[in-house]
Chemist: 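One structure, as structure tokens, below. Some questions next.
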Amino acid sequence: MKKITKNPKVILVGAGPGDVDLITVKGLRAIENADVVLYDALVNKTLLKNVKASAQCIYVGKRFNSHKFSQEEINEMLVDYANEYGTVVRLKGGDPFVFGRGSEEALFIESQGVETEFIPGISSALAVPTNQGIPMTKRGISEGFWVMTGTTSTGDISEDIALGAQSSATLIILMGLRNFSLIMNEIKNHRHKYTPFAIIQNGTLPNENIIIETLNNYNNVIDNIDYSSPGIIVIGDVVAEHPAFLEEEIQRVLGMSF
Ligand SMILES: C[S@@+](CC[C@H](N)C(=O)[O-])C[C@H]1O[C@@H](n2cnc3c(N)ncnc32)[C@H](O)[C@@H]1O
């Protein structure tokens, strides 16, 4: 690879939720022009086919506490590669500033005197429910939505889960599957027991999967969760807009009458 010393720069790019076509045009152009791409686990690898021949792509992903590099190492790599090769694209799943540690990376890079740029991505928090036809807001049903983590840095569930559950907003929970029972128990304390919820895994990808149930029956779905795949939980009456919900309700009523 040819070494250059001018214009070191790191561009934090959102790769979108999974479907390769759900990156922005601006994000794709940044990948095409990059000298180095550092990418995460949930980035669709097909996007890397767009790099120029001289560019190198480096996997720095983290999944379930299995880290190839620590966050500090990644920060250092971003600065070192930018100083050595020029333009580094830091490619992150969804949007780089939604549970992506993008702002921490940017702070470090800027503290080292390297320029940063940000290219937003379509967050899974929005794209995954929409791809299933579940609206996050709907006139007369939901006036807003909360996007929360289901697992904080200590491994516990966020206190925001209880606060969100006390609102009437749609709840969208990322990184919540491993704390699924804790989360649902907390929400059951505040929402009516027939509130529908959905678990959507591998959203926008060919192996996308959705499970729909009501809060009182959350135990029924535990065995169907695939803990190795990314998933979001959507809770609120808007989930009833999904055709599978009506279908399940009809089956339930039919089951009760025979
Ligand atoms: C570390 S967070 C990063 C979120 C990302 N920055 C975003 O905006 O989508 C990773 C979590 O996002 C959710 N997620 C990301 N991609 C997903 C997908 N295709 N389907 C379902 N959930 C997804 C999962 O909850 C996963 O554990």
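Everything numeric here is computed off the predicted structure, so don't read it as measured data. Quick note: numbers below take in every heavy atom, side chains included, and nothing from hydrogens, waters or symmetry partners. In each ligand, atom 1 is the first atom listed, and ligand 1 is the first ligand listed.
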Chemist: Are a donor atom and an acceptor atom from the side chains of Tyr218 and Asn185 found within less than 3.5 Å of each other?
Modeler: yes
Chemist: Would Glu32 and Lys52 pass as an ion pair if we require N to O under 4.0 Å?
Modeler: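 A salt bridge is absent here (no side-chain N lies under 4.0 Å from a carboxylate O).
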Chemist: If we set the cut-off at 4.0 Å for heavy atoms, which region of Ser124 has an atom near ligand 1: side chain, backbone, both, or neither?
Modeler: both
Chemist: Taking non-hydrogen atoms only, is Leu177 closer than 4.0 angstrom to ligand 1 via side chain, backbone, both or neither?
Modeler: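 The answer is neither.
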Chemist: Is the Tyr59-Tyr39 ring centre distance short of 6.0 angstrom?
Modeler: yes
Chemist: Using a plain distance cutoff, I'd like to know if Pro96 has any nitrogen or oxygen under 3.5 Å from a nitrogen or oxygen of ligand 1.
Modeler: no
Chemist: Would you please determine whether Met175 falls within less than 4.0 Å of ligand 1 on a heavy-atom basis?
Modeler: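 Distance cut 4.0 Å: Met175 passes for ligand 1.
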Chemist: Salt bridge check, Arg90 against Asp40: does any charged N sit closer than 4.0 Å to a carboxylate O?
Modeler: yes
Chemist: Going by heavy atoms, is Thr204 under 4.0 Å from ligand 1?
Modeler: no
Chemist: Pairs under 3.5 angstrom only: tabulate donor-acceptor contacts from the side chains of residues 16-30 to other protein residues two or more places apart or in another chain.
Modeler:
| unit_1 | atom_1 | unit_2 | atom_2 | d |
| --- | --- | --- | --- | --- |
| Asp19 | OD1 | Asp21 | N | 2.8 |
| Thr24 | OG1 | Gly27 | N | 2.9 |

Chemist: Identify, with sequence neighbours excluded, every residue that meets ring pair (Phe, Tyr, Trp, His ring centres under 6.0 Å) alongside Phe99.
Modeler: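 None.
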Chemist: Heavy atoms only, cut-off 4.0 Å: how does Leu174 contact ligand 1, side chain, backbone, both, or neither?
Modeler: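 Both parts.
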Chemist: State the atoms of ligand 1, each with its element, that fall below the 4.0 Å cut-off from a heavy-atom position in Ser123.
Modeler: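 What qualifies from ligand 1 is 7 (C), 8 (O), 9 (O).
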Chemist: So for ligand 1, is Pro17 a polar contact partner (N or O within less than 3.5 Å, distance only)?
Modeler: yes
Chemist: I'd like to know whether ligand 1 has Pro230 as a neighbour, heavy-atom separation below 4.0 Å.
Modeler: yes
Chemist: Please say whether Gly18 places an N or O atom under 3.5 Å from an N or O atom belonging to ligand 1.
Modeler: no
Chemist: Regarding Ser229 and Gln201, is there a side-chain donor-to-acceptor distance under 3.5 Å anywhere?
Modeler: no
Chemist: For ligand 1, which part of Ile200 has a heavy atom less than 4.0 Å away: the side chain, the backbone, both, or neither?
Modeler: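 The part of Ile200 near ligand 1 is the backbone, not the side chain.
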Chemist: Any nitrogen or oxygen of Leu205 lying under 3.5 Å from a nitrogen or oxygen in ligand 1? Just yes or no.
Modeler: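 It does not: no N or O of Leu205 is found under 3.5 Å from an N or O of ligand 1.
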Chemist: Angle between ring planes, Phe97 versus Phe118, binned at 30° and 60°: parallel, tilted or perpendicular?
Modeler: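 It falls in the tilted class, 30° to 60°.
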Chemist: For ligand 1, which part of Val98 has a heavy atom less than 4.0 Å away: the side chain, the backbone, both, or neither?
Modeler: both
